[in-house]
Enquirer: 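Structure provided below as structure tokens; questions to follow.
In listed order, ligands and their atoms are each counted from 1.
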Amino acid sequence: MDRQPDLHLHSSASDGTLDPEALVALAAREGLGMIALTDHDTTAGLAAAAGAARVHGIDFVAGVEISCSWAGVGVHVLGLGIDADCPALTAGLAGLDGRRRARAAAIAARLEKRRIAGALEGVRALAGEAAPTRTHFARWLVAAGHAPTPAAAHKRYLARGRPAHVAGDWTPLAEAIGWIGAAGGVAVLAHPARCPLSARKLRLLVAEFAAAGGGALEVVSGPQPAERTRFLAELATAHGLMGSCGSDFHGPEQRWLAPGRMAALPPTVTPVWGVLGAAGRARRVRV
Ligand code: AMP
Ligand code: MN
Ligand code: MN
Ligand code: MN
């Protein structure tokens, strides 16, 4: 029997370390029958991944993970089953790409003040064509000997409240949902339990997400405690949202993670992949 789909994966088109073809090949080795590529604010890896998925006989869902700002905090919204050529979406993502590159310069300037030089050139080299993310900064800080691990680099420099943190000025939530809708996709609120929000604020966020046309909640994000899965499943059901699941895999250096490695979506939740056709395109169905 097929494993449950993995609808949240990153490639080197954003902050993953495997190129799209290698990522799809790994997913095939892991026995997955359906995957989505969801790079941060870009669709650049989708064509290569779709081609590789055809070769491996895997259903491929074209996706993206859009950086949003809500109530002053960063939240991520996945678009699944999108048409990557939709003008509203491509224009929106082009704007985010520019903001990401400007923010990278601001982060590097803050590091420079801490006498850490060369970060901007360093992350640009690591990112290649991709717009630099904090993941690239964390990797560069480790390579340059400023932190022992990426997690430590976040903790020391890049996380909220740390000296090189620059809050992104991302997309308003409703706007991102609008782009995804225009592109024919389903909007999924990513890893809701990882948003730095109180339980009350999280409920507000989910209510607003549903009212703005959001379709699903990412009930399962990687391996997670059963209690969290139960809580998010109830939250989805309460707001008439479907459920999604994904590993949020970024590369094999995350030894504890692999494509498809995550908790099971509870049977009480309507799986979002039910509205993703065999071609990975979203069909307009509401639960
Ligand atoms: P950005 O969108 O540029 O703010 O970067 C966010 C990305 O950084 C996330 O998608 C994660 O991949 C990564 N990230 C954020 N916090 C951490 C952390 N504490 N440890 C490791 N990676 C992190
Ligand atoms: Mn990431
Ligand atoms: Mn995310
Ligand atoms: Mn992600």
Side-chain angles (χ1 to χ4, degrees), residues 6-18 23 35-43 45 61 63-70 72-80 93 96-108 110-111 119-120 123-124 126-127 130-142 147-162 164-171 173 176 187-197 205 209 217-222 224 244-257 259 261-262:
D6 189 336
L7 301 176
H8 190 155
L9 295 165
H10 293 274
S11 77
S12 56
S14 65
D15 62 348
T17 52
L18 297 180
L23 175 70
I35 57 166
L37 179 62
T38 54
D39 275 312
H40 296 287
D41 307 319
T42 181
T43 59
V61 177
V64 65
E65 179 169 17
I66 300 179
S67 305
C68 299
S69 299
W70 183 81
V73 303
V75 304
H76 289 174
V77 174
L78 305 173
L80 296 181
L93 296 182
L96 280 173
D97 184 273
R99 271 181 256 173
R100 245 188 201 293
R101 290 175 198 275
R103 172 176 174 255
I107 294 174
R110 291 197 175 213
L111 288 169
L120 191 56
V123 295
R124 280 181 180 156
L126 281 178
T133 67
R134 281 187 292 164
T135 310
H136 297 103
F137 277 95
R139 279 189 205 129
W140 180 81
L141 284 163
V142 172
T149 61
H154 278 275
K155 215 167 167 181
R156 262 186 216 173
Y157 300 108
L158 302 168
R160 251 156 58 104
R162 304 311 300 159
H165 182 258
V166 177
D169 170 25
W170 307 127
T171 319
L173 188 68
V188 181
L189 186 63
H191 45 66
R194 266 198 274 146
C195 302
L197 294 168
L205 166 64
F209 175 78
L217 216 60
E218 195 174 53
V219 169
V220 169
S221 175
Q224 66 183 29
S244 189
C245 63
S247 61
D248 206 3
F249 178 77
H250 283 70
E253 61 288 341
Q254 293 176 299
R255 287 179 204 286
W256 63 95
L257 211 59
R261 193 161 307 168
M262 61 216 161

Enquirer: Is the shortest heavy-atom distance from the side chain of Pro150 to the side chain of Arg134 under 4.5 Å?
Expert: no
Enquirer: Show me which atoms of ligand 1 lie under 4.0 Å from any heavy atom of Thr133.
Expert: 3 (O)
Enquirer: Heavy-atom distances under 4.0 Å are what count here, so tell me which part of Leu158 touches ligand 1: side chain, backbone, both or neither.
Expert: neither
Enquirer: With heavy-atom distances below 4.0 Å as the criterion, list the atoms of ligand 1 near His40.
Expert: 10 (O)
Enquirer: With under 30° as parallel and over 60° as perpendicular, where do the rings of His10 and His40 fit, or are they tilted in between?
Expert: parallel
Enquirer: Considering only protein heavy atoms, which is closest to atom 21 (C) of ligand 1, and at what distance to one decimal place?
Expert: His154 CD2, 3.4 Å
Enquirer: Please determine whether side-chain hydrogen bond (donor to acceptor under 3.5 Å, both in side chains) holds for the pair Arg139 and Thr17, giving the CA-CA distance in whole Å, both sets of side-chain angles, and the decisive distance to 0.1 Å.
Expert: CA-CA 11 Å; Arg139 279 189 205 129; Thr17 52; 5.2 Å; no
Enquirer: Indicate yes or no: at least one non-hydrogen side-chain atom of Leu189 is less than 4.5 angstrom from one of Leu205.
Expert: yes
Enquirer: For the residue pair His191 and His8, establish whether any side-chain heavy-atom pair is separated by less than 4.5 Å.
Expert: yes
Enquirer: Please list, chain by chain and in numerical order, all residues satisfying ring pair (Phe, Tyr, Trp, His ring centres under 6.0 Å) with His136, sequence neighbours excluded.
Expert: none
Enquirer: So is Arg103 touching ligand 1 or not, going by heavy atoms under 4.0 Å?
Expert: yes
Enquirer: Return the set of protein N, O or S atoms whose distance to the Mn ion (ligand 3) is under 2.8 Å, each given as residue and atom.
Expert: Glu65 OE2, His76 ND1, His191 NE2
Enquirer: Run the numbers for me: atoms of ligand 1, each under 4.0 Å from some heavy atom of Arg134, listed by number.
Expert: 1 (P), 3 (O), 4 (O), 5 (O), 6 (C)
Enquirer: In the protein, what heavy atom is nearest to atom 13 (C) of ligand 1, and what distance, to one decimal place, separates them?
Expert: Thr135 OG1, 3.4 Å
Enquirer: Are Asp248 and Glu218 close enough that some pair of their side-chain heavy atoms sits under 4.5 Å apart?
Expert: no
Enquirer: Less than 4.5 Å apart, any side-chain heavy atom of Leu80 and any of Thr38?
Expert: yes
Enquirer: Any side-chain heavy atom of Pro259 within less than 4.5 Å of one from Ile35?
Expert: no
Enquirer: If the cut-off is 4.0 Å to any non-hydrogen atom of His250, which atoms of ligand 1 fall inside it?
Expert: 12 (O)
Enquirer: Hey, which atoms in ligand 1 end up nearer than 4.0 Å to a heavy atom of Arg100?
Expert: 1 (P), 2 (O), 3 (O)
Enquirer: One thing to verify: whether Arg99 and Asp41 come together as a salt bridge, which I'm taking to mean a side-chain N less than 4.0 angstrom from a carboxylate O.
Expert: no
